[in-house]
Amino acid sequence: MIVVTGATGQLGRLVVEGLLAKVPAAELAVAVRSPQKAADWAARGVTVHRVDYDEPATLAAAFAAGDRVLLISGSEVGARVPQHTAVVEAARAAGVALLAYTGILGGDEASFALADEHKATEAAILASGLPFTFLRNGWYTENYTANAAGSIAHGAVLGSNGDARIATAARRDYADAAVEVLTGEGHEGRAYELSGDTAWSFSEYAAELAAHSGRPVTYRDLGAEEHRQALIGLGLPEGFATILVDVDAAIARGELARDRGELGRLIGRPTTPMAETVRAVLAG
């Protein structure tokens with residue numbers, strides 16, 4: 001059985017649909033907080049387990065000996081270490097055959113705060129003795145295009161990275177990598193550094209928004225505190241704004257421009273260019 005946790009999230013849904021294209025539904029299970037959101041898969045024969053990372057007792061029935069499990073990192077920054085550790089412990093107790101984890105680009109070498117919980121999770125997996133694969137995902141292009149309409153409306157893309165470069169890929173690219181690991185062989189004990197084939201700058205991103213919207217959009221490079229305050233002014237929670245500014249500092253240091261070609265090799269095709277994702281988003 002292949003088990004996907006967090007399956008009803010944006011990445012998880014793409015992973016499950018990718019798996020259903022390759023394996024019978026009877027060989028697939030999802031572990032989700034709200035089973036109602038997985039009703040469409042249940043109707044197709046996928047096993048649905050109700051689990052809550054904050055309720056470790058709910059995890060026991062989700063895994064069995066020999067399962068291949070994908071732990072998709074939780075979305076609650078600050079709570080992920082105990083949540084992930086609960087999943088790791090349940091997987092260890094069940095004796096799963098493989099635990100794959102969606103971490104963050106750079107692994108132990110990443111110096112930005114958002115990476116800390118991912119490092120701790122990888123350490124917990126290593127300490128468990130479980131067979132593992134680390135999928136160290138870089139940034140999703142959709143992290144930026146999700147706010148494309150706002151950037152176009154304001155005529156500006158805000159940042160504080162000195163217009164450094166970042167190698168993103170589409171969410172589907174990362175989902176396809178997870179599908180390959182869960183259905184293929186030879187991935188045990190590997191840590192994959194996954195990012196887009198071609199790095200781009202925020203000026204180039206702004207130019208794509210302008211080209212495909214027909215409206216002027218430019219990149220505004222701000223100081224770190226000015227950037228943080230601007231994000232708060234746009235309605236972002238203070239903690240999230242601080243995280244984004246810290247990520248921009250990592251971009252400026254070149255930490256998110258690394259490309260070793262591993263994502264393209266793993267999925268067997270070029271990664272999705274930033275411009276293609278922009279066109280798709282603006283086309284609706």
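Start at 1 with the first residue, then count along the sequence.
- Judged as a side chain to side chain donor-acceptor pair (under 3.5 Å), the pairs with a partner in residues 102-113 (not counting sequence neighbours) are, in order, Ser111-Arg253, Ser111-Glu255.
- In summary, of the residues considered (Gln83, His84, Arg80), a side-chain hydrogen bond (donor to acceptor under 3.5 Å, both in side chains) with Thr121 occurs for His84 alone.
- Trp41 has its side chain within reach of Leu20: a pair of non-hydrogen atoms, C-beta onward, lies under 4.5 Å apart.
- Note that CD1 of Ile2 and CG of Leu182 are 5.5 Å apart. Values are rounded to the nearest 0.5 Å.
- Within 6.0 Å of CD on Glu55 lie more than 12 heavy atoms contributed by other residues, nucleotides or ligands.
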- Message: Evaluate Phe202 against Thr218 for side chain to side chain contact (heavy atoms under 4.5 Å, CB included), listing each step before the verdict.
- Response: CA-CA 9 Å; Phe202 280 25; Thr218 59; over 6 Å; no
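- Atom CZ in Arg190 sits 8.5 Å away from atom CG in Leu266 (nearest 0.5 Å).
- Leu114 and Tyr140 end up in different hydrophobic clusters when Ile, Leu, Val, Met, Phe, Trp and Tyr side chains are linked at under 4.5 Å.
- In this structure, Tyr205 has its ring center no closer than 6.0 Å to that of Tyr219.
- Of the possible donor and acceptor atoms, none in the side chain of Thr277 sits under 3.5 Å from a partner among the backbone N and O of Glu142.
- Residues Asp163 and Ser203 bring a donor and an acceptor atom of their side chains to less than 3.5 Å of each other.
- Considering all non-hydrogen atoms of both residues, Val181 and Ala100 come closest at CG1-CB, 4.3 Å.
- Not less than 6.0 angstrom separates the ring centroid of His49 from the ring centroid of Phe63.
- With contacts defined as side-chain heavy-atom distances shorter than 4.5 Å, the pair Val51/Val32 does not qualify.
- Note on Val179 and Tyr174: same hydrophobic cluster, where clusters join Ile, Leu, Val, Met, Phe, Trp and Tyr whose side-chain heavy atoms are under 4.5 Å apart, directly or indirectly.
- Distance alone, capped at 3.5 Å, is enough to place a donor-acceptor pair between the Arg165 side chain and the Ala199 backbone.
- In summary, of the residues considered (Arg44, Arg171, Arg172), a salt bridge (Lys or Arg N to Asp or Glu O under 4.0 Å) with Glu17 occurs for Arg44 alone.
- Here the side chains of Leu209 and Thr145 are not in contact, with every heavy-atom distance at 4.5 Å or above.
- Counting heavy atoms from C-beta on, the side chains of Phe134 and Leu126 come closer than 4.5 Å.
- Rounded to the nearest 0.5 Å, atoms CG (Asp248) and CD1 (Ile243) are 13.0 Å apart.
- Counting only heavy atoms from C-beta outward, the side chains of Tyr144 and Trp200 approach each other to under 4.5 Å.
- With rounding to the nearest 0.5 angstrom, the CD atom of Gln229 is 4.5 Å from the CD atom of Glu225.
- In this structure, the side chain of Arg33 does not engage the main chain of Asp52 through any donor-acceptor pair within 3.5 Å.
- Checked by atom type and distance alone, the side chain of Asp176 never pairs as donor or acceptor with a backbone atom of Asp173 at under 3.5 Å.
- Within a 6.0 Å radius of NZ in Lys119, other residues, nucleotides and ligands contribute more than 12 heavy atoms.
- Ile232 and Leu234 are members of different hydrophobic clusters when ILVMFWY side chains are connected at heavy-atom separations under 4.5 Å.
- Closest non-hydrogen pair, Ala120 versus Val81, comes out as CB-CG2, 3.7 Å.
- Ring orientation note: the planes of His118 and Tyr101 are tilted relative to one another, at an angle of 30° to 60°.
- At least one donor-acceptor pair under 3.5 Å links the side chain of Ser128 to the backbone N or O of Leu130.
- Between Glu180 and Arg68, none of the side-chain N atoms (NZ, or NE/NH1/NH2) sits under 4.0 Å from a carboxylate O, so this pair counts as no salt bridge.
- Residues Val157 and Ile166 share a hydrophobic cluster, clusters being chains of Ile/Leu/Val/Met/Phe/Trp/Tyr side chains in contact below 4.5 Å.
- A donor-acceptor distance shorter than 3.5 angstrom exists from the side chain of Asp221 to the backbone of Gly162, with no hydrogens or angles considered.
- With hydrogens and angles disregarded, a donor-acceptor distance shorter than 3.5 Å links the side chain of Thr271 to the backbone of Asp197.
- A 4.5 Å side-chain heavy-atom check between His227 and Arg220 finds every atom pair outside the cut-off.
- No side-chain heavy atom of Leu194 sits less than 4.5 Å from a side-chain heavy atom of Arg136.
- Side chains of Leu98 and Thr133 form a contact here, defined as non-hydrogen atoms less than 4.5 Å apart.
- In this structure, Ala224 and Val245 approach most closely via the heavy-atom pair O-CG1, 3.6 Å.
- Thr183 contributes atom OG1, which lies 3.5 Å from atom NZ of Lys22 (distance to the nearest 0.5 angstrom).
- Glu188 places no side-chain N or O within donor-acceptor distance of the main-chain N or O of Pro131, the cut-off being under 3.5 Å.
- Annotation: the span from Thr168 atom OG1 to Leu263 atom CG amounts to 10.5 Å, rounded to 0.5 Å.
- One hydrophobic cluster, built from ILVMFWY side chains closer than 4.5 Å, holds both Leu19 and Val30.
- Ring geometry for Phe112 against Trp139 counts as perpendicular: the plane angle is over 60°, on a 0 to 90° scale with 30° as the lower cut.
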